[in-house]
Amino acid sequence: STLNDDAFTFHGTGKEMFKGFIKAILIFIALYAVLFLFIYLQLPIVGLLLFYLLLLAFIPLAIHGSYRYRMSRTSWRGIRFGYRGDREEFIKLFFKNLLFTILTLGIYGSWMTINIRTYVLSNIKLGDLKFKYVGDGGDYLLLNLKGYFLTIFTLGIYGFWWQKDIFEYFVNNLSLEHNDQKIKLKSTATGGDFFSLIFVNLLIIIFTLGLGYAWALTRTFVFMANKIDLNGIYNISSILISKYDLLLKLSDIFNLNVDISLKTNIKSNKVLISEKFTEITGIYPPNWDDLIFELKDDCEKFKSLYKN
């Protein structure tokens, strides 16, 4: 079975994304200010060199910072993700792979992408769960070559399916692990889904003259979160309780004052054992008293929605 009913949730807001967008714009303004300063000083080559060096230095910082933000704003079943990567270690990894990519005239770029992705994902946690990524640079290179040529041959139409393939390769090579247990991730996105996402995002950006970029980015994160499934066979259950004991608790907490009698001639045991699920996810079910008190509070808060 799949855990489809418990989708990933992105809690970021357009306002937060807009602030990040403004920061990025300010950084680019500063970079261009440096460039134009050296052009004014009649040192354009020095200006261009500094511009690209500073831009390259900014890229790993942006990647590291974006993952810290996105993971802190993403949850599953109410449990937040966390990113534990080290900034200096990531910067060294980035520039090492960048050097190999330059020396191979860009061919190593696919391996650079996979290596960076592997590092980032290995530092993402969900409770006691750890992520593992098993992508291969060669496979990723072939996937992109296929997407590139098919997009050209179809006059751009295949581009949406190319994006779907990239997303699918990224997600389907991911798994959550705890000791010897593993939960695989699976993409449910289609080429049509990406067409709708990109088309609407373009409309938002165009009709807001670029100001809607942050909201378009938020839509993209929400889309990605909702297009990921967890696959595995796991029972999900609450703390063991009989129907009789549960009815007694309901009667006491809701002050129902009803008589509940126990029939011992009827026996039925449909207990689900969720120890495996708890061991892997670190998620423990709440006790029945807390659940019933929460239900009572909800009933009192929304009286108009409940019938006596």
Side-chain angles (χ1 to χ4, degrees), residues 1-18 20-21 63 66-67 69-71 73-77 81 109-110 113-114 116-118 120-121 124 126 131-176 183-233:
S1 63
T2 63
L3 304 179
N4 297 343
D5 293 334
D6 299 303
F8 294 97
T9 303
F10 182 70
H11 304 274
T13 64
K15 183 178 179 180
E16 290 176 339
M17 302 298 292
F18 184 69
F21 174 70
I63 295 173
S66 66
Y67 268 94
Y69 169 75
R70 280 187 282 174
M71 291 303 103
R73 295 296 187 275
T74 306
S75 68
W76 180 71
R77 289 182 61 88
F81 285 74
S110 295
T113 299
I114 297 300
I116 289 176
R117 187 172 291 169
T118 300
V120 170
L121 294 174
I124 295 176
L126 174 62
F131 279 82
K132 183 178 181 181
Y133 187 69
V134 292
D136 178 78
D139 293 339
Y140 191 66
L141 175 63
L142 293 176
L143 183 151
N144 281 292
L145 287 174
K146 168 192 168 185
Y148 175 76
F149 286 111
L150 286 178
T151 299
I152 293 176
F153 294 149
T154 59
L155 303 178
I157 296 175
Y158 189 80
F160 302 106
W161 280 262
W162 184 10
Q163 292 302 309
K164 186 271 295 185
D165 290 341
I166 291 175
F167 180 72
E168 188 175 87
Y169 185 82
F170 167 65
V171 173
N172 292 359
N173 282 296
L174 258 179
S175 62
L176 288 163
I183 300 178
K184 290 188 68 64
L185 276 68
K186 182 180 179 181
S187 166
T188 61
T190 65
D193 291 333
F194 271 94
F195 171 79
S196 299
L197 172 71
I198 295 171
F199 182 73
V200 174
N201 281 351
L202 284 175
L203 290 179
I204 291 174
I205 294 171
I206 291 171
F207 285 102
T208 60
L209 302 178
L211 295 177
Y213 171 79
W215 282 266
L217 198 57
T218 300
R219 288 187 73 254
T220 302
F221 290 152
V222 172
F223 169 87
M224 293 169 64
N226 291 333
K227 294 299 179 181
I228 298 175
D229 277 351
L230 292 177
N231 293 306
I233 302 175

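Fair warning: this is a prediction, and the values are worked out from it, not measured in the lab.
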Over 60° means perpendicular and under 30° means parallel, so tell me whether F199 and F195 are parallel, tilted or perpendicular.
parallel
What is the distance from atom CD1 of I228 to atom CG of N172, rounded to the nearest 0.5 Å?
9.5 Å
With a 4.5 Å cut-off on side-chain heavy atoms, are F170 and T113 touching?
no
State the CG-CE distance between N226 and M224, to the nearest 0.5 angstrom.
11.5 Å
Interatomic distance, T188 atom OG1 to K164 atom NZ [nearest 0.5 angstrom]
11.5 Å
Quick one, I198 and F160 - any side-chain contact, counting heavy atoms below 4.5 Å?
yes
Rounded distance [0.5 Å steps], OH in Y140 versus CG in D165
11.0 Å
Listing request: all side-chain hydrogen bond (donor to acceptor under 3.5 Å, both in side chains) pairs with a residue in residues 199-221, at least two apart in sequence or in separate chains.
N201-R219, N201-T220
Got L143 and I166 here, is their nearest side-chain heavy-atom distance under 4.5 Å?
yes
For S110 and G137, which heavy atoms make the closest approach, and how far apart are they?
CB-O, 3.4 Å
What pairs with W161 under side-chain hydrogen bond (donor to acceptor under 3.5 Å, both in side chains), at least two apart in sequence or on another chain?
none
Keeping to residues at least two apart or across chains, list the salt bridge (charged side-chain N to carboxylate O under 4.0 Å, His left out) pairs with something in residues 189-218.
D193-K227
Separation of E168 CD from T190 OG1 (nearest 0.5 Å):
10.5 Å
Between CZ of F167 and CG of L197, what distance do you get to the nearest 0.5 Å?
10.0 Å
Between N144 and Y169, is the side-chain hydrogen bond (donor to acceptor under 3.5 Å, both in side chains) condition met? List the steps.
CA-CA 11 Å; N144 281 292; Y169 185 82; over 6 Å; no
So do F194 and F223 actually touch side chain to side chain, heavy atoms under 4.5 Å?
yes
Side-chain heavy-atom pair V120, Y133 within 4.5 angstrom cut-off
no
